[in-house]
Amino acid sequence: MGKASSAPATRIDTESSMSKRCDVCDKAPSFGRRVARLGVRAQKRRIKGRSSRMFYPNLQPMKAVVNGTPVRLKVCTSCLKKGKVARKASA
């Protein structure tokens with residue numbers, strides 16, 4: 001069914017457009033806990049419960065030039081700040 005291809009050094013492929021993953025640094029969602037604590041004026045301040053949650057990377061869609069062709073990428077803001085991706089020059 002799927003085509004066999006060698007993966008490039010960086011994940012710049014258009015097939016993974018639905019994932020919540022940076023196309024440059026491969027940053028993915030991470031798992032954590034939401035901690036419910038009793039209020040400040042409670043008799044004893046204690047943890048009431050824990051529930052699961054996800055931390056998602058701050059992804060921004062942008063157009064960049066990859067191998068001479070303009071491509072739409074999902075890039076996290078840390079990669080944008082570091083200058084790992086050059087924006088496509090507007091004509």
Side-chain angles (χ1 to χ4, degrees):
M1 288 269 172
K3 59 182 180 180
S5 64
S6 61
T10 58
R11 280 192 67 249
I12 300 177
D13 52 346
T14 56
E15 295 176 10
S16 65
S17 62
M18 292 297 289
S19 66
K20 293 181 178 172
R21 194 176 281 264
C22 179
D23 289 328
V24 178
C25 68
D26 207 34
K27 185 184 283 188
S30 60
F31 172 80
R33 292 277 176 115
R34 180 178 291 117
V35 179
R37 293 182 174 90
L38 291 176
V40 177
R41 291 187 174 88
Q43 291 287 333
K44 293 183 181 176
R45 288 195 69 188
R46 60 182 184 266
I47 294 172
K48 189 175 179 184
R50 292 185 178 96
S51 58
S52 302
R53 65 159 293 181
M54 295 292 288
F55 292 95
Y56 294 107
N58 188 1
L59 297 178
Q60 302 297 321
M62 63 172 289
K63 288 184 180 178
V65 178
V66 178
N67 298 331
T69 59
V71 180
R72 182 168 282 248
L73 300 174
K74 285 186 178 180
V75 182
C76 66
T77 52
S78 59
C79 288
L80 286 174
K81 280 182 177 181
K82 293 174 187 173
K84 291 184 177 181
V85 180
R87 288 191 182 271
K88 180 188 149 201
S90 59

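Values in this document were obtained by computation on a predicted structure and should not be read as measured data.
Contact annotation: the side chain of Lys84 approaches that of Val24 to within less than 4.5 Å [non-hydrogen atoms, C-beta and beyond]. Under the 4.5 Å side-chain criterion, counting only non-hydrogen atoms from C-beta, Lys44 is in contact with Arg46. Contact of the Cys76 side chain with the Leu59 side chain is registered, since non-hydrogen atoms from C-beta on lie closer than 4.5 Å. Between Cys22 and Pro57, the closest side-chain pair of non-hydrogen atoms is not below 4.5 Å.
Between Arg21 and Asp26, the shortest heavy-atom contact is CD-OD1, 3.1 Å. The two atoms that bring Ala42 and Leu38 nearest to each other are CB-CB, 4.1 Å, heavy atoms only. What you find for Ala64 and Val85 is that their closest heavy atoms are CB-CG1, 3.7 Å. Taking both residues in full, the closest heavy atoms of Lys27 and Ser78 are given as NZ-OG, 3.3 Å, listed atom of the first, atom of the second, then distance.
Within 6.0 Å of CZ in Arg37 there are 12 or fewer heavy atoms belonging to other residues, nucleotides or ligands.
With hydrogens and angles disregarded, a donor-acceptor distance shorter than 3.5 Å links the side chain of Asp23 to the backbone of Lys74.
Applying the 4.5 Å side-chain rule to ILVMFWY residues, one finds Phe31, Tyr56 in the same cluster as Met54.
In this structure, Cys79 SG and Gln60 CD are separated by 12.0 Å, a value rounded to the nearest 0.5 Å.
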